[in-house]
There are 2 protein chains.
Amino acid sequence: MTENRSQQRVAKGRRGRPRQAEVARLAGVSQTTVSLVLGGNKQGIALHAETRERVLEAARELGYVPDPAARRLAAARNNLLGVFSFTATFPTAVEHSYYPFLVGVEQEAAARGFDLVLFTGSSPGGALERVRLADGCLFLGRHAPAAGLRRLVDDGYPAVHIGRRDELAGLAWVGADYVDASAEVVRRLAAFGHRRAVLVREDDDAPASTDRERGFHEALAETGLAGPPGAAGPVVRAADPAAGITAEWVRGRWEEGVTAFVAEETDTGAAWRALLGAVEGAGLSAPGDVSLALLGSPPADLAGRPAPTGFDIPRAELGAAAVRTLTGLLAEDGPGSPPLVACAFRAGHTAGPPPGT
Amino acid sequence: MTENRSQQRVAKGRRGRPRQAEVARLAGVSQTTVSLVLGGNKQGIALHAETRERVLEAARELGYVPDPAARRLAAARNNLLGVFSFTATFPTAVEHSYYPFLVGVEQEAAARGFDLVLFTGSSPGGALERVRLADGCLFLGRHAPAAGLRRLVDDGYPAVHIGRRDELAGLAWVGADYVDASAEVVRRLAAFGHRRAVLVREDDDAPASTDRERGFHEALAETGLAGPPGAAGPVVRAADPAAGITAEWVRGRWEEGVTAFVAEETDTGAAWRALLGAVEGAGLSAPGDVSLALLGSPPADLAGRPAPTGFDIPRAELGAAAVRTLTGLLAEDGPGSPPLVACAFRAGHTAGPPPGT
DNA sequence: TTGTAGGCGTTATCAA
DNA sequence: TTGATAACGCCTACAA
């Protein structure tokens, strides 16, 4: 039977994984003592320094590493932070990837002594619940299923969403301050002397989009910048920017006195791409004839072009902030760092004074 | 006491989660039966359809979700694959990063139902032993400490090195076929009509370097291509390429009849960079006067330049292959996929027929 | 067809 | 200062 057991373990490929019991045997103490020593002795129980040494030595010799599952089950901590993304974490197309976030996440986690577990939404048995193996988890992607998150949050599981997420009450999040960053871009356009501007946005109701629009409006009100004359208003929603934002459209606005065109950043960069094409098609050039601004960063395939005037999302910093918030949750020590991270204005080369100034 | 327990569970943040025992109570069956029903009944044990229904119903009603920690503890595996890199996994400088490997690793791991744990050599408590937490581990980076790996391998811990590593007997690895890829590049040069070629390599004895040189030599022998006349031979080792590979040097070889210059890829891209500068400094142009080839990919900061003739390492594919090998080790089902992955020839724009052909 | 009992590796309580 | 012992939630022989 014991024979059987051990064969089974071999079959499972864990031959060598030493457990506390083995460390105990080698050190000549009980398994409990090993747990005590290796667990950092949280309860401040007195221990012979020599016993402690023997245990430590034995653990090192055996290459002992605690089993996270067992630890978790016994209500302890793992030193493991989860990162759950609802799309593949590493999509082949770099421009869609969460890589920049991970840079910050990884550094901050390492600095705080946590390892990272990457969970991917796509994997089979892809239940959100898997993350419970980790002490807490970061979630990224616009489309995290609310029900699963709700459940985790209600259970008091430490979770932090990267990107604003207020509709899920109780879910902690960190996000970029798109409102202020967008407003700042518009302020710069106003300072150049533009009088009329439009915002091109895609047909998406993610917080990231609505925040940008809000900042745009706020700055309009603040600076006196106007949209095109007439009832249409300064914001254009294009379900398919490639179709809606045409050379004719640009020329039409231009003839109405619009000299500044602003696009929002999205995953695909469709709005910006369409805007660039349409302006060119209209025979206009930036920043000579019109000023163009992008509320975010250009898609990777446009990286060669002159940098758009706009702002950069401090993705690494966001990731780091998320880790700080999460570890704050774990330590239950107050609200942690503020959820909004400021974006950096990027002067770029697509905006300047309007013609005739 | 019970009171105490339950408070503790609240503190752990697992307040309401129903367990199989509760589902069992509600369904009027034993916990075992619940496990059987909910576990998909792998062993094909016969069950009353009605019992099954009752259990399922009860589970739904209670919102039962299995605890991953418990599941893994019982299964004696974590469903976790480790990725250990000896430099930061996500260095800020993208050109040094392992990102391309991770793309493949992640996809393949997800496809096989594994999550990933990221370990970094730099993180505190950075002992290699930490990886034992995962069911198996991938190692990447040229400078993985042999002693630690030795230990893991001897213990039967499933480990796979990305990149050739034969000196560590028993360590599984997957690597790119640099020998063949390098030979292919030289063959193309020979086919263009070149008669003399040199290889510039850095002073590094990593397998990746020696393999390239071997392929270079093989193809030389095969095609009749020669090095420069004299005893120096066709290979130049430059500890500091920027200093050794000068315009004068290039001109000297050129006057000896060398029309093809080949550089190896390394982390820094120093050899290629030096070669480009030296050729330009010598007043020569590629592919008009001389042909240049790079055994690998150019550094990121040279991405804007015309693509060098050479080959691309299928990094994502390598990562995926590594995962396959590792899961093969876990399942102990045979040797798994072959360790060498073919590289893709890249025609590029820096090589062509030599002058006067 | 279902239930009983034991174990997975840790932590925590309580005696010794 | 240390060691039994009982959870934690689930899985799996084996018994009924």
Side-chain angles (χ1 to χ4, degrees), chain A residues 1-9 11-12 14 17-25 27-52 54-55 59 62 64-79 129 132-133, chain B residues 1-2 4-9 11-15 17-25 27-52 54-55 59 62 64-79 132-133:
Chain A
M1 180 61 186
T2 303
E3 202 58 22
N4 202 354
R5 259 293 162 205
S6 100
Q7 283 192 6
Q8 201 181 349
R9 289 178 61 215
K12 286 180 184 173
R14 321 176 83 218
R17 214 156 174 321
R19 349 172 207 184
Q20 288 188 344
E22 282 151 32
V23 175
R25 208 172 307 137
V29 298
S30 80
Q31 181 267 335
T32 307
T33 305
V34 172
S35 173
L36 216 56
V37 171
L38 266 30
N41 191 6
K42 306 281 183 187
Q43 35 260 304
I45 291 176
L47 279 172
H48 260 173
E50 189 232 349
T51 307
R52 212 182 99 81
R54 269 217 317 282
V55 170
L62 260 35
Y64 169 81
V65 171
D67 182 320
R71 218 179 195 173
R72 223 25 220 160
L73 190 57
R77 294 267 161 92
N78 267 349
N79 270 0
E129 298 291 337
R132 292 192 194 258
L133 183 66
Chain B
M1 177 62 185
T2 304
N4 202 355
R5 260 293 163 206
S6 100
Q7 284 193 5
Q8 203 182 347
R9 289 177 62 214
K12 276 173 6 186
R14 319 167 105 204
R15 199 162 19 206
R17 301 190 12 138
R19 349 174 210 183
Q20 288 188 342
E22 282 151 33
V23 175
R25 209 173 307 140
V29 298
S30 81
Q31 181 264 334
T32 307
T33 305
V34 174
S35 173
L36 217 54
V37 172
L38 267 30
N41 192 6
K42 307 278 184 187
Q43 35 262 301
I45 290 176
L47 282 170
H48 260 174
E50 189 231 348
T51 307
R52 213 182 98 81
R54 270 218 314 283
V55 170
L62 259 36
Y64 170 82
V65 174
D67 181 328
R71 200 195 266 279
R72 287 166 187 197
L73 184 56
R77 44 173 41 191
N78 285 320
N79 255 281
R132 288 187 195 259
L133 174 161

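Side-chain proximity of Ser30(A) to dT10(C), dG3(D), dA13(D): nearest is dG3(D). The side chain of Ser35(B) has dC11(D) as its nearest neighbour among dC8(C), dG9(D), dC11(D). Comparing dT2(C), dT2(D), dT10(C) against the side chain of Leu47(B) picks out dT2(C) as the nearest. Looking at the side chain of Thr32(A), the nearest of the listed nucleotides dT10(C), dC11(D), dG3(D) is dG3(D). The Val29(A) side chain lies nearest to dG3(D) when the options are dG3(D), dT11(C), dG9(D).
Here the P atom of nucleotide dG9(C) and the CG atom of Leu36(A) are 20 Å apart, to the nearest Å. In this structure, the CD atom of Glu22(B) is 10 Å from the P atom of dC8(D), given to the nearest Å. The nearest whole Å value for the distance from the NE2 atom in His48(A) to the C1' atom in dT2(D) is 10 Å. The distance from atom CG of Asp67(B) to atom P of dC8(C) is 18 Å, rounded to the nearest whole Å. Between the C1' atom of dC10(D) and the CG atom of Asn78(B) lies a distance of 14 Å, rounded to the nearest Å. The distance between atom CZ of Arg19(A) and atom P of dG7(C), rounded to the nearest whole Å, is 11 Å. The interatomic distance linking Leu133(B) (CG) with dT10(C) (P) rounds to 11 Å, in whole Å. Put simply, CG on Leu73(A) is 4 Å from C1' on dC8(D), counting in whole angstrom units.
Where Ala70(B) and Ala46(B) meet DNA chain C, the nucleotide closest to each residue was compared, and Ala46(B) sits on the side nearer the 5' end. Toward the 5′ end of DNA chain D lies the nearest nucleotide of Thr51(A), the other residue of the pair Thr51(A) and Gln31(A) mapping further downstream.
Looking at Arg132(B) and Pro18(A), their side chains come closer than 4.5 Å, going by heavy atoms from C-beta outward.
The two residues Ala21(A) and Gln31(A) come nearest to each other via the heavy atoms N-CG, 4.0 Å. The shortest non-hydrogen separation linking Tyr64(B) to Gln20(B) is OH-CG, 3.2 Å. When all heavy atoms are compared, the tightest approach of Arg54(A) to Gly28(A) is NH2-O, 4.0 Å.
One axis for each end of the helix from dT1(C)-dA16(D) to dA16(C)-dT1(D), each built from five base pairs, and the angle between them comes to 40° at 10° resolution.
An OP1 or OP2 oxygen of dT10(C) is reached within less than 4.0 angstrom by no side-chain nitrogen or oxygen of Arg72(A). Applying the 4.0 Å criterion to OP1 and OP2 of dC11(D), one finds that Arg71(B) has a side-chain N or O inside that range.
Here CZ of Arg19(A) is found 10.5 Å from CG of Asp67(A). Values are rounded to the nearest 0.5 Å.
Within the 4.0 angstrom heavy-atom criterion, only backbone atoms of the sugar-phosphate kind lie near Val65(A); the bases stay farther away.
A salt bridge is absent between Arg25(A) and Glu22(A); no separation between the charged side-chain nitrogens and carboxylate oxygens falls under 4.0 Å.
Side chain of Arg71(A) to main chain of Asn78(A): no donor-acceptor pair is present (N/O by atom type, distance under 3.5 Å, no hydrogens or angles).
Counting only N and O atoms by type, the side chains of Thr32(A) and Ser35(A) include no donor and acceptor under 3.5 Å apart.
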